[in-house]
There are 4 protein chains.
Amino acid sequence: MSSEAHPTDTQARGSGRKNRGNGSRRDILDAAARLFQQKGYDATSLRELANAVGMKAGSLYYHFASKEQLAIEVLAIGVKAVTDNVSAHLKAAGPGVTPQQRVSIAIRAHLESILSDGGYTSAHIRCFPYTPEAVQSQLRTVRRTYEDIWTGLIDDLAGLGERPEEARHIRLATLGALNWSLEWFDAERDDMEDYARTVERLIIGASGNVNSG
Amino acid sequence: MSSEAHPTDTQARGSGRKNRGNGSRRDILDAAARLFQQKGYDATSLRELANAVGMKAGSLYYHFASKEQLAIEVLAIGVKAVTDNVSAHLKAAGPGVTPQQRVSIAIRAHLESILSDGGYTSAHIRCFPYTPEAVQSQLRTVRRTYEDIWTGLIDDLAGLGERPEEARHIRLATLGALNWSLEWFDAERDDMEDYARTVERLIIGASGNVNSG
Amino acid sequence: MSSEAHPTDTQARGSGRKNRGNGSRRDILDAAARLFQQKGYDATSLRELANAVGMKAGSLYYHFASKEQLAIEVLAIGVKAVTDNVSAHLKAAGPGVTPQQRVSIAIRAHLESILSDGGYTSAHIRCFPYTPEAVQSQLRTVRRTYEDIWTGLIDDLAGLGERPEEARHIRLATLGALNWSLEWFDAERDDMEDYARTVERLIIGASGNVNSG
Amino acid sequence: MSSEAHPTDTQARGSGRKNRGNGSRRDILDAAARLFQQKGYDATSLRELANAVGMKAGSLYYHFASKEQLAIEVLAIGVKAVTDNVSAHLKAAGPGVTPQQRVSIAIRAHLESILSDGGYTSAHIRCFPYTPEAVQSQLRTVRRTYEDIWTGLIDDLAGLGERPEEARHIRLATLGALNWSLEWFDAERDDMEDYARTVERLIIGASGNVNSG
DNA sequence: GATGAATGAGCATTCATTCAT
DNA sequence: TATGAATGAATGCTCATTCAT
């Protein structure tokens, strides 16, 4: 499930509109996501972004109030995309799966979102920490929503719900292992499913060994 | 072992030098490490850095040829610091330790370097990917040296040397879990040793489960 | 013939355009030519130039990619202006004029371009040698085109075509005498036609005496 | 006569002093002359100059009060060098030479000074016009002294003394032809004596033709 | 005589932003 | 919707200069 609906997707997709790749709002967001992900927030200039969508820098201001606002939208789409993707996979799996299986599913969905997504989620992960405070604070609640999914997932694992600090560390270690892949994953060399399996074994091993720890 | 010698540490520290706390080369490096770590490479301006060490922006150029060169030095000190710290801990443990114990030691040393170090190592980890190509290429060999330590460490684990792709993924997952802590670790709330234990369990569980996987 | 068309002159001059005297591209070029000629390339700052056309330094970059690029355009206009002026005078004289007369015509046209031109040609002559290599190399072909006119002119003089090294020296001596006037010519004191006559006598004397030399 | 005494030559030349090419006043002047000639006044930085003589920029201030003062000295040496060289050649020729021969001698001496001189005279000719007003005004009298030699030389030619404006133009044309050689003379390709002959013919032809003009 | 270390002013350039059209 | 043209602030960097040592 890789092309979940975008929150801003109001215009009819596929209807006979003249949306021939010219600079619509969505084109800007797409290009911004890609550039943010590739070069970072600071290193992405609005001129370059405008250029990428075939317009002039000033024109972007018809669509977005500021670079910060644009970043907020891009990064929000990014979190929402993972959130939706993970939720959808989990729901699709139905109620009869073990907590461990649920974690495995989430690992795969998260990886899928950051590695094969259009760039929104990876832009979020790579840029968020380097973004102005105003951007970060606007994103806190959406980020929290996603975080809560993982908190729930981990808590269900082998009684971890009763050791919240440990659960927190396991969650952050898992997400670290997942997110860090943005810095090294090479589609030509690495296989996503292989890595998913590695991370899955990591976390399940850890939570399993806990009793004897 | 948290205060390993800095590669550039030639002048006697603590002897009666006239270093009146003002901006010497080392002061600049220290402040740069801190700022790079806090705000990122792009967002750190030389004026701000100069201000932090009590001088004017142009004066920095007496000590460093360019912002890039300064970044190269800061980040190089950063890798060398972890490299030395991990090596030293490993050596101190002596030859009679199991591969699993060696990994545990490395995990702790790495965490220590990024979380309680003066900022050089964390600056490296946070800034490197957003740094100009010229900076990155100058750092490749020192980075490789550190990487090789981990490659060796993981290879010794339960026959992982014979499954290099899997070993690579385990190494990267571990380092991801470790490095990502820079984004969330809160000295007031989190205990480093606790997290080290979590990561240690993760990786050891993963490598142990492999046989039965 | 002092107001030959500028190579970049595409917009209607004098028509009812809203060019309210503020800094359009042409205004910048004009002011740059004047400043380059007066103070030299290095001593002309973009702030000063911008000021001269009533804008801020950064605004110049909307019109020109860099100071070097601006210099290239100014100096190119300068050579093209003399080239066109000399060519036009020569053509206007028709085919029935002697080689000596042709040289006389060229001397006057060249002098006119450097002394009463808007400053482009004199900017070229005064700045070119002190300009960055990147600027010089971009101008080589236009300069060559002008040079060739003179080479042809001199070669036709009293069999000079068969003594190319001597012809070269005569050409360069003539152009030296002409160009150097930029360093001393004083419109209040000197008469252009008087000086033209002097230089004309110089070169014609020299080429005539050659046989007996 | 190419190594006339320098006005600043106070230290014993050839005596057993430790003047081993280290940064003495004379070394600075020599290097400054060379750099000024090659790159121009503005483009020559004191750091670069200091580097060329093996010292640090600040040390130059022990020897010279400012860049302007240094330029004044270099350029003054330059004019004095031509002045002395031309005078000496003229004196050496004795009283029995014709005005035309005297001009020929001066042409050669001038050319020699700008083309094979250590760089002082050529630095003067190339830099003077781009030098700050303070520098120019300090040089006016030495320049005038040299100018007067040429004025006298030309005035003696075929009754030119009675047509001062014409004499002035002939003088400036001659010096223009001579000085401009700095922009094109190539020691590998051009022969100084050849060019001297060309210029000599130019001026003598011009002044001779004057009667019939 | 010369240096290490700094400064203040300036430079070319880039950037997010504005706004009349 | 978008652009052309501009702005103000900032950036990395260079320069002539200073001065205690």
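Chain naming here is simple, since letters A, B, ... match the order of the sequence lines and numbering starts at 1 in each. Remember, it's a predicted structure, so these values are computed and weren't measured experimentally.
Across the protein-nucleic acid pair, C:His63 atom NE2 and F:dA5 atom P stand 6 Å apart, rounded to whole Å. Whole-Å rounding puts the D:Asp27 CG to E:dG1 P distance at 12 Å. Protein atom CG of B:Asn51 is 13 Å distant from nucleotide atom P of F:dG12, rounded to whole Å. With rounding to whole Å, A:Phe64 atom CZ is found 11 Å from F:dA2 atom P. One interatomic measurement links the two molecules: CD1 of B:Ile28 to P of E:dG4, which rounds to 15 Å at whole-angstrom precision.
Between the side chain of C:Arg47 and the main chain of C:Ala57, no donor-acceptor pair closer than 3.5 Å is present.
To the nearest 0.5 angstrom, C:Asn51 atom CG is 12.0 Å from C:Leu46 atom CG. How far CG of B:Leu60 is from CD1 of B:Ile28: 5.0 Å, rounded to the nearest 0.5 Å.
The existence of a salt bridge linking D:Glu48 and D:Arg34 is excluded, since no basic side-chain nitrogen approaches an acidic carboxylate oxygen closer than 4.0 Å.
Distances shown here put a side-chain N or O of C:Tyr62 below 4.0 Å from the OP1 or OP2 atom of F:dA5. Applying the 4.0 Å criterion to OP1 and OP2 of F:dG8, one finds that C:Lys56 has a side-chain N or O inside that range.
Checked against side-chain contact (heavy atoms from CB on, under 4.5 Å), D:Glu68 has the following partners two or more places apart in sequence or in another chain: D:Tyr41, D:Ser66, D:Pro132, D:Ala134, D:Val135.
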If a protein heavy atom is under 4.0 Å from the base, mark B; if only from the sugar-phosphate, S; if neither, -; do that for nucleotides 10-18 of chain E going 5' to 3'.
BBBBBSBBB
A correct dot-bracket answer for DNA chain E, with pairs being Watson-Crick or G-U at under 3.5 Å, [ ] for crossing pairs and | for inter-strand pairs, is .||||||||||||||||||||
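A 4.5 Å side-chain heavy-atom check between A:Tyr120 and A:Gln37 finds every atom pair outside the cut-off.
Nearest heavy-atom pair across D:Thr131 and D:Leu75 is OG1-CD1, 4.3 Å.
Judged by the 6.0 Å and 45° rule, D:Arg143 forms a cation-pi pair with D:Phe128.
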